[in-house]
Amino acid sequence: MCEDELIPPQADMTEQEWLRTGSATATGAPSMPTTGRTPSFVNRRTLLGGAMAGAALAVLPSPGQSSASAAPRPGVPGAFPFPEHPNGKGEFAILITGDAGTGDEAQYAVAAAARDVCRAERVGLAVGLGDNIYENGPESADDSEFQDKFEKPNSGIDVPWLMVLGNHDCSGLIPGSGGDPSRGDREVAYAATSRRWYMPSRYYSVPLPAADPLVEFFAIDTIPWSSYVAQLDPHYRWDGPYMREQRSWLDGALRASRARWKVVFGHHPFLNNGKHGSAGSYDGFEIGNYTSGVHLKDMYENVVAGRADLILSGHDHTLQILEPTARTGGTRQVVCGASAKTEDGKAHFTNPAAWQNFSDHGFMLLKVSGARLTIEAYTVDVATRKATLAHRARQTRPLSAPVGAHA
């Protein structure tokens with residue numbers, strides 16, 4: 001369902017329309033604990049078919065380079081370590097990919113192009129923005145699809161990959177529906193055996209470096225808020241214990257973070273100019289508790305906006321670097337979902353954008369130093385497996401750096 005629109009999308013509000021509503025971001029919720037418990041999950045398969053809702057740096061060494069020191073990852077023998085110090089350019093460099101798990105030629109081509117850029121830029125960490133295993137997620141924690149759609153394509157990008165769940169990862173009878181979140185537990189379990197794949201739980205945070213963080217990543221599970229079908233398992237309903245716990249955890253973790261830069265990443269975007277639209281009106285749906293992402297919109301507005309510097313998302317198979325706006329509280333939305341699939345070549349909505357591409361495959365790099373946060377967008381020619389730097393955006397002032405953070 002990431003590929004096909006359910007109904008012709010309706011326009012989300014423009015920035016000016018949003019401003020005229022008088023909406024205000026509320027970030028004054030009570031402080032929560034800095035770390036949440038690892039959620040307990042229902043490990044049975046949920047029957048689908050409910051009514052449609054709404055009716056390191058461990059761098060890639062090049063000749064003559066030595067790896068920067070990095071922190072080991074406990075629990076997985078030989079796991080690629082997390083970066084503890086910037087690379088030779090004084091930056092933490094992070095590869096960003098999304099919607100990559102097809103196992104087809106385009107995925108291999110984008111990964112090959114990214115591998116070359118990673119070596120040149122001394123990348124030490126990667127992020128996967130969901131839809132890791134098309135079309136309906138793995139059948140077990142040792143499914144061969146993990147090899148065919150993740151390990152083999154990304155061979156040579158030998159760094160930890162921070163992974164989150166996509167709607168295709170949590171589906172069963174209806175591929176892409178997101179209607180069986182419990183299937184995502186298989187991807188969490190796979191992390192116990194992979195040198196690359198990092199997913200200690202369905203939502204988590206990773207500070208870099210761990211002892212004195214310059215940047216902190218907050219991985220979230222957006223699926224039960226944005227599934228194409230109603231959640232039948234009470235644990236995963238939009239107002240069930242799992243989503244309440246996750247929201248409380250994120251609020252508290254952002255509040256407590258000592259990092260200068262904060263990055264929230266999950267599969268579904270807050271704002272988006274691609275065909276799926278923005279949270280609250282995904283795929284033209286604007287009623288009900290699912291499909292439209294109305295509760296995800298509320299979470300982004302009231303927990304993330306104005307507190308995180310970036311939201312990284314996939315879902316739309318496009319490349320977009322949107323502008324920070326009053327609506328986002330200064331938080332910048334980035335969509336990077338073209339690592340194996342592309343869209344129809346046109347913008348469907350008009351959120352302010354620094355740069356966007358709706359037709360090419362590609363990936364992005366995030367570069368973080370005390371002085372700046374830089375996002376670089378690369379397009380990829382599948383035939384030649386070559387990447388082209390298409391756009392660069394920089395930010396020099398964090399939104400909410402704590403006292404004493406890196407300057």
Side-chain angles (χ1 to χ4, degrees), residues 1-2 36 38-46 48 73 75-76 79-80 95-103 107 111 125-154 157 159-206 217-227 231 233 235-236 242-243 245-246 249 265-268 312-315 336-337 339-340:
M1 288 193 183
C2 264
T38 300
S40 58
F41 306 114
V42 178
N43 287 310
R44 64 178 177 81
R45 193 166 167 180
T46 305
L48 300 183
R73 280 172 50 194
V76 182
F80 298 115
L95 170 66
I96 310 296
T97 67
D99 300 70
T102 63
Q107 180 189 7
L125 187 70
V127 169
L129 293 171
D131 283 356
N132 310 309
I133 306 292
Y134 281 104
E135 289 292 327
N136 60 355
E139 297 303 315
S140 67
D142 58 0
D143 193 320
S144 62
E145 288 190 306
F146 284 112
Q147 295 297 316
D148 297 337
K149 298 179 179 181
F150 178 73
E151 301 289 356
K152 291 177 182 177
N154 295 316
I157 309 179
V159 299
W161 288 68
L162 309 184
M163 306 297 289
V164 292
L165 297 169
N167 53 298
H168 279 271
D169 300 307
C170 297
S171 301
L173 299 178
I174 307 174
S177 68
D180 192 354
S182 65
R183 290 175 67 95
D185 293 344
R186 299 164 185 174
E187 297 195 4
V188 175
Y190 178 69
T193 62
S194 173
R195 300 176 70 193
R196 291 183 182 83
W197 186 289
Y198 184 80
M199 189 188 285
S201 59
R202 301 166 71 102
Y203 56 85
Y204 59 91
S205 64
V206 173
F217 294 89
F218 303 85
I220 61 174
D221 176 7
T222 64
I223 309 311
W225 274 318
S226 308
S227 55
Q231 295 295 331
D233 188 331
H235 185 70
Y236 290 107
Y242 173 68
M243 301 312 285
E245 289 166 5
Q246 180 179 199
W249 166 81
F265 67 104
H267 184 63
H268 290 83
L312 305 178
S313 310
H315 194 49
C336 183
S339 297

Applying side chain to side chain donor-acceptor pair (under 3.5 Å) to E187 and not counting sequence neighbours gives N132
Residues pairing under salt bridge (Lys or Arg N to Asp or Glu O under 4.0 Å) where one sits in residues 163-173, two or more places apart or in two chains, turn out to be none
Nearest heavy-atom approach of M243 to D221 is CE-O, 3.7 Å
On a heavy-atom basis, the closest approach of A340 and T102 is CB-OG1, 3.6 Å
For Q246, the side chain to side chain donor-acceptor pair (under 3.5 Å) test, sequence neighbours excluded, returns none
Smallest heavy-atom separation, V164 atom then A219 atom, equals CG1-CB, 3.5 Å
Output for pair (S177 OG, E135 CD), nearest 0.5 Å, gives 11.5 Å
Scanning both residues in full, the closest heavy-atom pair of V76 with S194 reads CG1-O, 3.3 Å
Here the pair of heavy atoms bringing P160 nearest to F80 is CG-O, 3.2 Å
Residues passing the salt bridge (charged side-chain N to carboxylate O under 4.0 Å, His left out) test with R196, sequence neighbours excluded, are E151, D158
- Message: Is it the case that the side chain of S171 and the backbone of G176 share a donor-acceptor pair, with hydrogens and angles ignored and the cut-off at 3.5 Å?
- Response: yes
CG (L125) and CG (L162) are apart, to the nearest 0.5 Å, by 4.5 Å
Shortest non-hydrogen pair, C170 vs R183, comes out as CA-CB, 4.3 Å
dist Y198:OH -> Y204:OH (nearest 0.5 Å) comes out at 7.0 Å
Quick one, N167 with H267, criterion side-chain hydrogen bond (donor to acceptor under 3.5 Å, both in side chains). Give me CA distance, side-chain angles, the key distance, then yes/no. CA-CA 8 Å; N167 53 298; H267 184 63; 2.9 Å; yes
T97 meets the side chain to side chain contact (heavy atoms under 4.5 Å, CB included) criterion, sequence neighbours left out, with L95, W161, S339, F363
Is the centre of the Y190 ring less than 6.0 Å from the centre of the F150 ring?
no
- Task: For the residue pair F217 and F265, categorise the inter-ring angle as parallel (less than 30°), tilted (30 to 60°) or perpendicular (more than 60°).
- Result: perpendicular
By side chain to side chain donor-acceptor pair (under 3.5 Å), D142 pairs with (sequence neighbours left out) S140
Measure from NZ or CZ of R202 to the centre of the six-membered ring of Y242, then state whether that distance is under 6.0 Å and the direction lies within 45° of the axis.
yes
Can you label the angle between the Y203 ring and the W249 ring as parallel, tilted or perpendicular, going by 30° and 60°? tilted
**OP:** With side chain to side chain contact (heavy atoms under 4.5 Å, CB included) as the test, would you mind laying out the steps for D233 and Q231 before giving the verdict?
**Re:** CA-CA 6 Å; D233 188 331; Q231 295 295 331; 5.6 Å; no
Has E145 got a side-chain atom pairing as donor or acceptor with I133's backbone, closer than 3.5 angstrom?
no
Separation between CD1 (I220) and CG (L165), nearest 0.5 Å, reads 11.5 Å
